Amino acid sequence: MEAHMNFLYILAWPLGYVMELIYNIIPNYGWDLIIFTLLIRLLSIPLSLKQQKNMVRMTAFQPMIEEIQKKYKDKPEKQQEEMLRLQQDFGYNPTSGCLPMLLNFFVMFGVIGVVYEPLNRIFHISNDLLTTAGTALTNLGIQFTNITRDNLIIEQILAGEQSIISIFSDSQVQTITEFSKHMSFFGIDLTRVPQYSLSAENLPLLIFPILALLTSFVSTWYSMNSSGQKLQGSMKVTMYLMPLMYIFFCFTVPTAFSLYYVISNVVMVIQSAVMKKIYNPDEVKAQVAAEIEAKRKEQRRGVKSTVVKVVDEKTGQTVEKNISASEMNKRRLEYARQLDQEKYKDERTVPLSELNKTKEE
């Protein structure tokens with residue numbers, strides 16, 4: 001399925017306009033991708049910060065989870081019940097970091113959509129014209145895929161192939177020709193797809209995929225360790241599988257994606273280092289441990305809590321708040337007083353002498 005028709009590439013359209021804006025300022029495909037990546041990472045800082053905080057908080061529950069898994073290893077239903085209780089009583093939420101990960105997933109495919117079809121996404125040449133040019137390539141005996149089509153169209157225009165040139169307007173041919181002068185980065189054509197080959201022609205294209213592999217492992221390892229996670233079991237598997245998945249993309253899409261991924265990994269390491277200073281794992285774990293112990297003490301004393309909806313004085317929004325039983329009783333007493341005042345307000349405003357006369361009559 002073509003990128004412009006696939007829901008996964010939904011962010012390719014707005015990201016293409018961002019790339020166009022950057023390209024108009026700095027007409028160099030490589031530097032544009034670097035600036036583009038830095039901009040995306042800058043905008044994602046709030047979500048990344050939240051994700052890092054949630055990851056650190058969730059590691060504080062790891063000893064409790066391991067205890068449940070060990071204690072009820074032969075009783076999956078009881079294990080599931082205890083895990084549910086852990087969520088309800090102590091606020092454990094294993095899915096709290098899913099939203100940032102989901103957003104990063106769509107951003108990744110958005111970037112792939114842009115580098116798949118730079119002529120359409122960045123320069124807004126219609127898909128109808130590009131499809132017609134693809135047909136002309138086939139008539140010339142040139143085999144291509146949707147991934148390699150734009151690169152081959154550019155090559156044929158530079159070679160002066162009239163059957164291709166005649167499809168586009170003069171301004172579009174000029175735009176494509178100008179882009180061809182700026183799509184290499186340190187001698188590497190970013191519109192070409194790397195191959196699993198050690199040929200002299202392909203060797204330069206392997207540089208960014210190899211860097212992507214190395215930086216991906218470093219980024220994943222550092223991110224997990226900076227959040228205080230223990231790399232055991234499935235976490236170790238995830239640490240190795242995720243980078244390999246991204247490397248698969250590096251060898252199936254133009255090299256521009258590899259450059260994006262390298263810069264993204266480097267920035268991720270820097271972000272993790274900064275966030276580790278803000279949310280120190282040891283401090284957060286101590287805070288969560290104190291909260292858990294306080295709730296356990298309440299449970300031992302038989303003190304129950306209730307979730308109520310209140311209006312936040314700062315934001316004016318309705319939020320949920322966990323209050324103790326004693327606080328709930330105070331609220332009920334205050335509410336009863338308000339009802340009492342509303343019910344007997346007329347009698348309280350009538351003079352006592354008048355009330356006595358009424359009673360005597």
Side-chain angles (χ1 to χ4, degrees), residues 1-51 97-127 130-131 145-151 154 179 182-183 185 189-194 208-209 211-213 215-216 219-220 223 242-268 271:
M1 184 181 290
E2 294 184 21
H4 66 276
M5 297 176 63
N6 194 321
F7 177 74
L8 287 174
Y9 301 95
I10 190 171
L11 292 181
W13 179 77
L15 292 179
Y17 278 96
V18 174
M19 274 294 292
E20 179 192 22
L21 177 62
I22 299 173
Y23 181 84
N24 289 335
I25 298 173
I26 304 175
N28 182 288
Y29 198 25
W31 286 111
D32 293 341
L33 282 165
I34 292 175
I35 296 171
F36 172 75
T37 307
L38 294 175
L39 182 60
I40 289 177
R41 284 300 172 189
L42 182 64
L43 293 175
S44 67
I45 284 178
L47 273 178
S48 299
L49 195 63
K50 183 178 180 181
Q51 182 184 25
C98 290
L99 180 59
M101 292 179 63
L102 185 63
L103 182 60
N104 286 333
F105 182 77
F106 276 102
V107 168
M108 179 194 73
F109 274 96
V111 174
I112 290 176
V114 172
V115 300
Y116 259 171
E117 304 170 324
L119 297 183
N120 173 250
R121 300 297 186 182
I122 302 176
F123 303 108
H124 313 298
I125 298 174
S126 72
N127 276 304
L130 294 172
T131 300
T145 65
N146 289 329
I147 301 172
T148 60
R149 183 189 63 184
D150 282 18
N151 177 265
I154 294 170
F179 176 57
H182 307 293
M183 61 190 192
F185 190 63
D189 186 347
L190 298 178
T191 65
R192 291 183 58 193
V193 180
F208 287 129
L211 288 176
L213 177 64
T215 56
S216 180
S219 175
T220 304
S223 177
M242 290 299 289
L244 291 177
M245 182 191 75
Y246 282 102
I247 292 305
F248 168 77
F249 285 117
C250 289
F251 281 95
T252 53
V253 300
T255 310
F257 175 75
S258 297
L259 175 58
Y260 158 80
Y261 191 44
V262 169
I263 302 303
S264 183
N265 288 332
V266 172
V267 174
M268 184 65 74
Q271 277 188 359

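Bear in mind the structure is a predicted one, so any value in this text is a computation, not a measurement. Basis for what follows: all heavy atoms, side chains included, without hydrogens, waters or symmetry-related copies.
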task = Would you sort out whether Ile10 and Phe106 count as a side chain to side chain contact (heavy atoms under 4.5 Å, CB included), showing the intermediate values?
result = CA-CA 8 Å; Ile10 190 171; Phe106 276 102; 4.1 Å; yes
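The OG1 atom of Thr255 sits 10.0 Å away from atom OH of Tyr29, with the distance rounded to the nearest 0.5 Å. Rounding to the nearest 0.5 angstrom, the gap separating the CG atom in Asn120 from the OG atom in Ser126 is 8.0 Å. Separating the CG atom in Asp32 from the CD1 atom in Ile25 is a distance of 9.0 Å, to the nearest 0.5 Å. A distance of 7.0 Å separates CZ of Phe257 from OH of Tyr261, quoted to the nearest 0.5 Å. Rounded to the nearest 0.5 angstrom, Leu190 CG and Tyr260 OH are separated by 15.0 Å. Rounded to the nearest 0.5 Å, atoms CG (Asn265) and OG1 (Thr220) are 7.0 Å apart.
Looking at every heavy atom in both residues, Pro254 comes nearest to Val115 through CG-O, 3.3 Å. Heavy atoms only, all atoms of each residue included: Pro209 and Ser258 are closest at CG-OG, 3.7 Å. The nearest pair of heavy atoms linking Pro194 to Val253 is CD-O, 3.6 Å. When all heavy atoms of Asp150 and Leu119 are compared, the pair lying nearest together is OD2-N, 3.1 Å.
Using a 4.5 Å heavy-atom threshold, the side chains of Val193 and Thr148 count as touching. Side-chain contact between Thr131 and Arg149 is present, with at least one heavy-atom pair separated by less than 4.5 Å. Taking 4.5 Å as the limit, every side-chain heavy atom of Met183 sits out of range of all side-chain heavy atoms of Asn28. The side-chain heavy atoms of Phe179 and Thr191, taken from C-beta on, include a pair separated by under 4.5 Å.
The aromatic rings of Trp13 and Tyr17 sit perpendicular to each other, their planes meeting at more than 60°, with 30° as the lower class boundary. Ring orientation note: the planes of Tyr9 and Tyr116 are tilted relative to one another, at an angle of 30° to 60°.
Shown here are the ring-ring contact (aromatic ring centres under 6.0 Å, His included) partners of Phe185, two or more places apart in sequence or in another chain: Trp31.
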Name every donor-acceptor pair, under 3.5 Å, that has one atom in a side chain of residues 35-45 and the other anywhere in the protein, sequence neighbours excluded.
unit_1: Thr37; atom_1: OG1; unit_2: Leu33; atom_2: O; d: 2.7
unit_1: Arg41; atom_1: NE; unit_2: Ser264; atom_2: OG; d: 3.1
unit_1: Arg41; atom_1: NH2; unit_2: Ser264; atom_2: OG; d: 2.6
unit_1: Ser44; atom_1: OG; unit_2: Ile40; atom_2: O; d: 3.3
unit_1: Ser44; atom_1: OG; unit_2: Arg41; atom_2: O; d: 3.0

